[in-house]
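Start at 1 and go down the list; that is how both ligands and their atoms are numbered.
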Amino acid sequence: MDTLIVERSGPLRGTVEVSGAKNASLPIMAACLLTDEESVIEHVPQVTDVNTMAEILRVLGVEVEWQDEQVLIRPGHKPSWTAPYELVSRMRASVCVLGPLLAKHGRAKVAMPGGCVIGSRPIDLHLEGLEALGARLTIDHGYIVAETPRLRGTTIHLAGAFGSSVLATANVMMAATLADGMTVIEQAACEPEVVDLANCLIAMGAKISGHGAPLIRIEGVSRLHGTHYRIIPDRIEAGTLMIATAMLGGDVRIHGAVPEHLGAVIGKLTEANVSIESLDGCVRVRSDRKLKSVDVTTLPFPSFPTDLQAQFLAMMSVSQGVSIVTEKIYPERFMHVPELKRMGAQITREGASAIVKGVERLSGAPVMASDLRASAALVLAGLTADNSTQLHGLEHLDRGYEHLEQKLTRLGARLRRINSASQNLSVGG
Ligand code: EPU
């Protein structure tokens with residue numbers, strides 16, 4: 001098992017390039033099931049979740065081959081329709097093969113995703129949307145079994161108790177591309193990753209309009225073709241690097257960060273006394289570490305993203321004043337709080353909110369990552385803390401951040417990975 005040793009660092013200086021978006025890559029790879037032709041997807045990050053999606057596609061009879069930063073995806077002549085529990089249980093996003101399999105082959109058998117550490121994550125909206133398109137669904141021995149002679153376009157309302165759903169929108173949109181007639185998705189998710197998927201589907205021959213707004217129209221076509229498509233930069237990685245610079249101080253140019261994808265984050269960082277400038281092709285972040293506490297509430301795009309809540313909370317832990325961080329997507333997504341408290345943060349939980357009283361300095365400690373974004377938050381906290389922090393549970397970090405340690409190291413941060421089993425040191429960068 002690897003451990004990350006994180007030392008007090010800063011300021012950060014230099015330039016850094018954002019990788020392709022994990023959360024756009026996953027449904028776009030699944031979308032390649034909708035065609036018989038080869039697709040080439042560029043700017044795909046080499047992270048564990050992407051490898052899991054590649055494994056699922058292979059089990060479904062698809063050839064997946066890496067060539068540097070691009071992935072070649074070739075559907076084979078002997079397709080399968082079953083996504084097994086062993087793979088789906090590793091990553092909930094696996095469920096987005098359901099819509100494409102159903103649309104292309106008229107049947108799918110996908111393991112029901114189980115519980116999730118960031119809270120209850122039902123898939124009722126995915127299932128209701130596909131049923132509205134004419135699929136017959138049953139749950140059989142832990143599997144969703146879906147069948148249809150032909151999907152038919154209709155109007156589908158996709159909002160749940162916590163607003164729109166990113167992957168339910170993706171699933172239904174993918175299925176509707178090959179349905180008979182027109183599908184209208186109301187209350188569709190507007191996240192940049194949904195827009196990226198729609199743009200990729202359009203490049204494959206789909207007829208989609210309205211993506212990026214809550215009402216998406218999809219006119220079904222009889223077939224889709226292969227494509228060559230480049231994934232958007234990862235806004236959550238960009239936001240994590242912006243928050244790192246804010247916390248450690250310095251002057252960093254983040255290449256590939258798209259300001260339009262990060263409006264709410266830029267707004268909150270500016271309020272907290274961080275200087276953000278949009279330059280040609282990059283965002284420049286400058287900070288003197290004198291951060292002001294600000295309140296933040298996570299909501300669907302274009303509001304502040306839940307996937308940056310943990311990192312922002314770590315920043316508020318070392319800011320001047322008191323802030324209230326409220327989680328409106330996953331009310332239980334606060335597993336990083338007890339770990340930050342072990343490092344001296346002053347945080348009180350009240351339901352879906354955390355009240356954070358900024359302290360002068362955190363103190364390094366052994367901590368355990370519980371999910372992907374919590375692990376990033378603990379890395380940032382460790383970089384501002386006295387002495388060293390030992391971060392365990394790195395498999396979470398590796399699910400979604402490509403070369404984060406190397407990128408931070410090149411900017412001047414001090415962190416290194418230790419393979420505890422062999423006592424081998426591998427230094428980031
Ligand atoms: N929801 C339902 N029913 C459903 C689906 C969702 O009630 O059928 C609820 C969820 O429980 C949640 C809200 O709707 O309260 C929004 O969840 P959403 O469906 O949008 O989440 P997701 O599509 O499963 C994606 C990202 C998550 C990110 C969320 C929210 C991918 C692969 N995952 O998940 O990313 O937090 O959108 O933006 O795109 C991460 O990268 O760390 C991560 C967890």
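Counting heavy atoms under 4.0 Å from ligand 1, residue Asp307 touches it through the side chain alone. Contacts with ligand 1 closer than 4.0 Å are made by no heavy atom of Phe301, backbone or side chain.
Annotation: atom 24 (O) of ligand 1 to nearest protein heavy atom, Arg121 NH2, 3.0 Å. Scanning the protein for heavy atoms near atom 3 (N) of ligand 1, the closest one is Asp124 OD1, 2.8 Å. Scanning all protein heavy atoms for the shortest distance to atom 10 (C) of ligand 1 gives Tyr330 CE2, 4.0 Å. For atom 8 (O) of ligand 1, the closest heavy atom belonging to the protein is Leu125 N, 2.7 Å. Summary of contacts: the protein heavy atom closest to atom 25 (C) of ligand 1 is Val166 CB, 4.0 Å.
Those atoms of ligand 1 with a heavy atom of Phe162 less than 4.0 angstrom away are 13 (C), 15 (O). The contact set between ligand 1 and Leu372, taken as ligand atoms under 4.0 Å from a residue heavy atom, comprises 42 (O). Numbered from 1 in the order shown, with element, the atoms of ligand 1 that lie under 4.0 Å from a heavy atom of Ala93 read 32 (C). Residue contact check: Ile123 has heavy atoms under 4.0 Å from atoms 4 (C), 8 (O) of ligand 1. Shown in contact with His126 at under 4.0 Å from a heavy atom are these atoms of ligand 1, numbered in order with element: 8 (O). In the vicinity of Arg333, heavy-atom distances shorter than 4.0 Å reach the ligand 1 atoms 36 (O), 42 (O), 44 (C). Ligand 1 places these atoms under 4.0 Å from at least one heavy atom of Lys22: 40 (C), 41 (O).
Both tests do not hold together for Arg90 against Tyr85: distance to the six-membered ring centre under 6.0 Å, angle to the ring axis within 45°.
Here the shortest heavy-atom distance to atom 16 (C) of ligand 1, taken over Leu26, Leu197, Ile329, Leu158, belongs to Ile329. Around atom 14 (O) of ligand 1, the closest heavy atom drawn from Ser164, Ala161, Gly160 belongs to Ser164. Taking only non-hydrogen atoms, the option from Ser165, Pro122, Ala310 nearest to atom 4 (C) of ligand 1 is Pro122. In this comparison of Asp234, Leu167, Leu308, the heavy atom closest to atom 23 (O) of ligand 1 sits on Leu167.
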Fill in: Leu269 vs Met242, side-chain contact (heavy atoms from CB on, under 4.5 Å): CA-CA, chis, key distance, verdict
CA-CA 8 Å; Leu269 286 171; Met242 290 165 83; 3.8 Å; yes
Fill in: Check against side-chain contact (heavy atoms from CB on, under 4.5 Å), Leu101 and Leu98
CA-CA 5 Å; Leu101 284 177; Leu98 185 58; over 6 Å; no
Discussion item. Evaluate Glu186 against Thr155 for side-chain contact (heavy atoms from CB on, under 4.5 Å), listing each step before the verdict.
Written reply: CA-CA 7 Å; Glu186 294 175 347; Thr155 296; 3.6 Å; yes
Practice prompt. Begin with the C-alpha distance, continue with both residues' side-chain angles, and end with the deciding distance and a verdict on side-chain contact (heavy atoms from CB on, under 4.5 Å) for Ser165 and His126.
Written response: CA-CA 9 Å; Ser165 161; His126 300 242; 4.2 Å; yes
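Each of Asp371, Thr48, Asp49 was checked for a side-chain hydrogen bond (donor to acceptor under 3.5 Å, both in side chains) with Arg399, and the lone residue meeting it is Asp49. For the side-chain hydrogen bond (donor to acceptor under 3.5 Å, both in side chains) with Arg235, the qualifying choice from His261, Glu260, Glu193 is Glu193, the only one to do so. Partner of Ser323 under the side chain to side chain contact (heavy atoms under 4.5 Å, CB included) criterion, out of Met316, Met315, Lys268: Met316 alone.
Considering backbone and side-chain atoms together, Asn23 places an N or O closer than 3.5 Å to an N or O of ligand 1. Ligand 1 has no nitrogen or oxygen under 3.5 angstrom from a nitrogen or oxygen of Ala168. Taking any N or O of Thr306, backbone or side chain, none lies under 3.5 Å from an N or O belonging to ligand 1.
Salt bridge annotation for Lys22-Asp234: absent, with no cationic side-chain nitrogen under 4.0 angstrom from a carboxylate oxygen.
At a 4.0 Å cut-off, at least one heavy atom of Arg373 sits close enough to ligand 1 to count as contact. Residue contacts with ligand 1: Glu332 is excluded, as none of its non-hydrogen atoms falls under 4.0 Å. Using a 4.0 angstrom heavy-atom cutoff, Met91 does not count as in contact with ligand 1.
Under the 3.5 Å distance criterion, with hydrogens and angles disregarded, no donor-acceptor pair is assigned to the side chains of Gln187 and Ser164.
Remark: side-chain polar atoms of Gln390 are not paired, donor with acceptor, to backbone N or O of Val6 under 3.5 angstrom.
More than 12 heavy atoms of other residues, nucleotides or ligands sit less than 6.0 Å from atom CZ of Arg284. Shown here is Asp140, whose CG atom has more than 12 heavy atoms of other residues, nucleotides or ligands within 6.0 Å.
Val221 and Gly205 make their closest contact through CG1-O, 3.8 Å (heavy atoms, listed as atom of the first residue, atom of the second, distance).
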